[in-house]
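In what follows, a single structure is set out as structure tokens and then discussed.
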4 protein chains.
Amino acid sequence: MGKRGPKRDEAAEKRILDTTRDLICERGATRVTINEIAEHASVGKQTIYRWWPSKAALVFDALEREIKASSPPPDTGTAYGDVRIQMQRVAKLMNSPLRAILRELIAETFGDDEIAKQFRTLFFAERRRQATATIQAGIDRGELRPDLDLEIVNDLLYSPLWMRMIIGHQELTPKAVDKLLDHVWPAFVLEA
Amino acid sequence: MGKRGPKRDEAAEKRILDTTRDLICERGATRVTINEIAEHASVGKQTIYRWWPSKAALVFDALEREIKASSPPPDTGTAYGDVRIQMQRVAKLMNSPLRAILRELIAETFGDDEIAKQFRTLFFAERRRQATATIQAGIDRGELRPDLDLEIVNDLLYSPLWMRMIIGHQELTPKAVDKLLDHVWPAFVLEA
Amino acid sequence: MGKRGPKRDEAAEKRILDTTRDLICERGATRVTINEIAEHASVGKQTIYRWWPSKAALVFDALEREIKASSPPPDTGTAYGDVRIQMQRVAKLMNSPLRAILRELIAETFGDDEIAKQFRTLFFAERRRQATATIQAGIDRGELRPDLDLEIVNDLLYSPLWMRMIIGHQELTPKAVDKLLDHVWPAFVLEA
Amino acid sequence: MGKRGPKRDEAAEKRILDTTRDLICERGATRVTINEIAEHASVGKQTIYRWWPSKAALVFDALEREIKASSPPPDTGTAYGDVRIQMQRVAKLMNSPLRAILRELIAETFGDDEIAKQFRTLFFAERRRQATATIQAGIDRGELRPDLDLEIVNDLLYSPLWMRMIIGHQELTPKAVDKLLDHVWPAFVLEA
DNA sequence: CGTTAAGCGAGACGGTACGTCCTGTCTTAAC
DNA sequence: GTTAAGACAGGACGTACCGTCTCGCTTAACG
């Protein structure tokens with residue numbers, strides 16, 4: 001015997017997440033208020049606070065929904081090719097309007113331990129898992145050194161992308177990404 | 001014709017910067033307000049706003065003063081040794097209480113383009129310059145590949161440290177830092 | 001063709017009115033919300049709104065039910081005696097816990113013209129009608145001056161009681177009520 | 001030693017009280033919000049909350065300031081004449097736009113014991129003191145019965161006016177006030 | 001007897017106002 | 001003449017209720 005009463009209004013949920021995404025993308029990180037989101041989405045503030053404990057959690061969901069429809073893992077036949085495609089995909093995301101949301105999320109991470117954990121486990125870890133599989137396949141095929149620490153390889157490949165997005169000290173063009181990859185790759189392959 | 005009246009009160013400035021550092025270190029990133037700093041430092045708010053245009057600038061100064069008394073560039077005789085010491089130093093800073101200030105600064109970076117620029121040019125770039133010199137010396141001595149892009153080498157060495165500090169997905173122990181370095185280093189040395 | 005479906009649930013109605021009375025009496029005027037009444041009475045909010053257009057109407061009914069079982073008109077043989085008993089009854093009500101409801105009702109009166117009218121016609125006028133009959137009988141018996149304006153006599157007798165309940169500047173003890181009556185009564189009797 | 005820092009801004013205070021009076025008079029009791037007053041008075045909400053603990057206290061001050069410039073006590077030579085003028089003045093106030101504020105205040109009285117006390121002591125008691133002096137003078141001159149209870153006389157004279165303002169069951173025209181006075185007056189004069 | 005329109009407890013919804021908090025500017029008395 | 005203290009205008013926050021609507025269940029008159 002299921003519960004009585006109205007269910008969560010999914011139309012309202014969609015309106016809220018869409019508005020959150022749109023406003024953040026167009027106006028940048030901190031310059032969006034919950035009041036605005038509520039008004040713009042034609043929603044009572046309480047409806048937001050009922051389902052999300054903080055602005056960060058809301059932003060998180062808005063981003064997650066956007067990325068969920070993710071592309072299938074690449075399969076070029078070589079570890080190098082697969083890693084390259086994955087890095088380009090990540091860089092492309094970081095250059096899209098969603099970039100503003102990613103930055104916002106990282107900022108929120110600092111003030112809210114719960115969000116930090118969520119970001120780590122649900123988003124960061126998820127991406128890492130996929131990347132890790134590609135590397136492991138390369139090792140198994142004998143392309144890559146068998147003594148690689150997968151976590152470290154991940155850090156070396158993706159941290160530079162993240163920092164460029166965060167700090168903006170260098171560009172994130174496809175060319176720049178390739179260059180990054182080519183610089184580190186020799187450390188991963190078996191010596192001739 | 002010298003100015004009349006008291007000069008900038010350096011005792012007050014010190015009290016402000018100390019309080020900023022202490023409060024941020026003890027309470028974490030966002031949970032410190034200008035009002036609090038003023039009250040805690042027994043200083044009028046105006047005195048803060050007179051000398052710093054924003055909270056971010058204040059935090060920035062508080063951090064800068066703390067690292068100004070920096071160590072001399074290492075000189076172990078090898079590029080590997082020097083890079084290793086530099087990475088360990090950065091990791092140590094990121095593990096100290098100042099970690100909270102670093103995170104705060106990055107967060108402020110997002111909402112304030114002026115601060116972002118300052119952070120890039122004065123802090124990030126400064127560190128890079130030092131690191132870059134070490135690498136260049138390695139190249140000149142024939143230890144490292146001459147075709148290395150110094151910016152990229154920097155990204156590969158330090159971005160993983162930054163991301164570990166920001167996200168906290170992996171540890172930043174001396175051992176872990178060594179491991180990171182050893183994983184990427186083969187990409188930099190000349191092939192046998 | 002009579003209506004289908006269940007009839008009004010009288011148990012729920014009773015629970016609502018009881019809860020309204022109890023909460024208002026115990027917590028005072030404004031500090032009771034419809035949400036609370038609904039929850040406390042184990043009733044859906046809609047069930048309240050279905051039968052009462054506003055909180056004021058609900059409070060009104062709660063009070064009316066409480067005084068409906070009113071005493072029969074007094075008959076002591078003299079106008080003075082009858083008026084005295086009526087005044088004492090009113091004062092007694094104003095000293096009972098129902099005092100809180102009476103005050104609440106007057107407060108609601110201000111914001112809601114419909115309730116103001118209802119209060120005037122159904123409650124205030126009702127009480128006045130009874131009082132008026134007593135006075136008229138006194139006139140008819142030759143005890144009281146025939147030129148009395150009944151409305152004004154009513155005002156003179158009961159307004160002081162209401163104001164003492166509302167403002168609380170003087171007590172409402174039986175003795176005080178007698179004193180009030182004795183002070184004004186000479187104005188009503190025929191001169192010797 | 002005296003305190004440092006800025007003093008209370010009397011221009012802002014005036015703007016707040018004026019706005020409160022105007023908005024309440026024009027829109028009636030409950031339909032005015034603190035937000036509106038703040039916005040309309042070009043004042044931060046905090047400035048209101050800094051000086052008044054509640055909306056009721058604010059309304060109270062707005063009314064008090066309005067009545068402070070009160071007329072001098074009447075002196076017609078007879079108690080009847082003086083009482084008549086005083087009653088007419090009160091009735092006039094109750095018919096003016098300030099009527100809305102008086103009603104609002106009484107309503108607030110119910111939910112806030114502190115305001116109730118203030119209303120009683122500062123406003124109600126003040127008016128009573130003046131009226132009482134008039135009656136006492138009448139007794140001293142031998143016009144009125146020496147055994148009158150002044151509090152009760154006050155209740156008999158003014159409570160009907162208050163109730164007519166509150167409930168609105170009868171009119172408050174000058175003529176009606178005279179009629180009220182004439183009905184009760186015989187009870188106060190010495191028998192022939 | 002099954003259909004079906006009410007009534008029900010529960011509670012999510014779009015809103016409005018609240019009272020608190022913080023920002024960055026301005027004002028005043030004290031040193 | 002700069003300082004500390006702190007009042008000011010402004011505006012976002014998260015909470016509390018409002019009155020309406022929606023859900024799934026129960027009840028009883030109708031067909």
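In this text the structure is predicted, and so the values were computed from the model without any measurement. All chains are named by letter (A, B, ...) in the order of the sequence lines, taking the proteins before the strands, and each is independently numbered beginning at 1.
- Between the CD atom of E39(B) and the P atom of dG6(F) there is a distance of 9 Å, given to the nearest Å.
- At a threshold of 4.0 angstrom between heavy atoms, the contacts of A38(D) with the nucleic acid are absent.
- Mapping T33(D) and I16(A) onto DNA chain E by nearest heavy atom places I16(A) closer to the 5' end of the strand.
- In this structure, W52(B) does not reach the dT23(E) phosphate: none of its side-chain N or O atoms is under 4.0 Å from OP1 or OP2.
- Taking only side-chain nitrogens and oxygens, S54(B) never comes nearer than 4.0 Å to OP1 or OP2 of dG24(E).
- With hydrogens and angles ignored, no donor-acceptor pair under 3.5 angstrom links the side chain of K7(C) to the base of dG7(E).
- In this structure, I48(D) places its CD1 atom 13 Å from C1' of dA17(E), rounding to the nearest Å.
- When all heavy atoms are compared, the tightest approach of I37(C) to I16(C) is CG2-O, 4.1 Å.
- Comparing P6(D) and V32(A) by the nucleotide of DNA chain F whose heavy atom lies nearest to each, the residue mapping closer to the 5' end is P6(D).
- As rounded to whole Å, 12 Å separates atom C1' of dC26(E) from atom CZ of R50(B).
- In terms of heavy atoms, A41(B) sits closest to T19(B) at CB-OG1, 3.4 Å.
- Judged by distance alone, with hydrogens and angles left aside, K45(A) brings no side-chain donor or acceptor close enough to the base of dG15(E) to form a pair under 3.5 Å.
- Of the listed nucleotides (dC13(F), dT3(E), dA7(F)), dT3(E) has the atom at the smallest distance from the side chain of R4(C).
- Counting to the nearest Å, the C1' atom of dG19(F) and the CD1 atom of I37(C) are 14 Å from each other.
- Comparing G5(C) and R8(D) by the nucleotide of DNA chain F that holds the closest heavy atom to each, the one mapping nearer the 5' end is R8(D).
- The side chain of N35(C) sits closest to dC18(F) out of dC18(F), dA5(E), dC8(F).
- Here the C1' atom of nucleotide dA17(E) and the CZ atom of R27(D) are 13 Å apart, to the nearest Å.
- Taking 4.0 angstrom as the limit, R15(D) places none of its side-chain polar atoms (N or O) nearer than this to OP1 or OP2 of dC8(F).
- Looking at L63(B) and I67(B), their side chains come closer than 4.5 Å, going by heavy atoms from C-beta outward.
- Dashed line: the shortest gap from a side-chain N or O of T47(D) to OP1 or OP2 of dA9(F) is under 4.0 Å.
- Minimum atom distance to the side chain of Y49(D) is reached by dT20(E), of the listed dT20(E), dG9(E), dC13(E).
- Of the residues listed (R31(C), K45(C), R27(C)), the one engaging E36(C) in a salt bridge (Lys or Arg N to Asp or Glu O under 4.0 Å) is R27(C), and it is the only one.
- Inter-residue side-chain proximity for W52(C) and E13(C) is flagged as met; some heavy-atom pair is nearer than 4.5 Å.
- Counting atom types as modelled, Q46(C) pairs a side-chain N or O with a base atom of dC21(F) as donor and acceptor under 3.5 Å.
- Across all strands shown, D9(A) has heavy atoms under 4.0 Å from sugar-phosphate atoms exclusively, and none from any base.
- Of the possible donor and acceptor atoms, none in the side chain of T47(A) sits under 3.5 Å from a partner among the backbone N and O of V43(A).
- Remark on DNA chain E: of its neighbouring residues V43(C) and P53(B), the 5'-side contact belongs to V43(C), judged by nearest-heavy-atom nucleotide.
- Separating the CD atom of E10(C) from the P atom of dA28(F) is a distance of 12 Å, rounded to the nearest angstrom.
- A straight line from CD1 of I34(C) to P of dG11(E) spans 18 Å, rounded to a whole angstrom.
- An OP1 or OP2 oxygen of dC21(E) is reached within less than 4.0 angstrom by no side-chain nitrogen or oxygen of R31(B).
- Going from atom NE2 of H40(C) over to atom P of dG9(E) covers 15 Å, rounded to whole Å.
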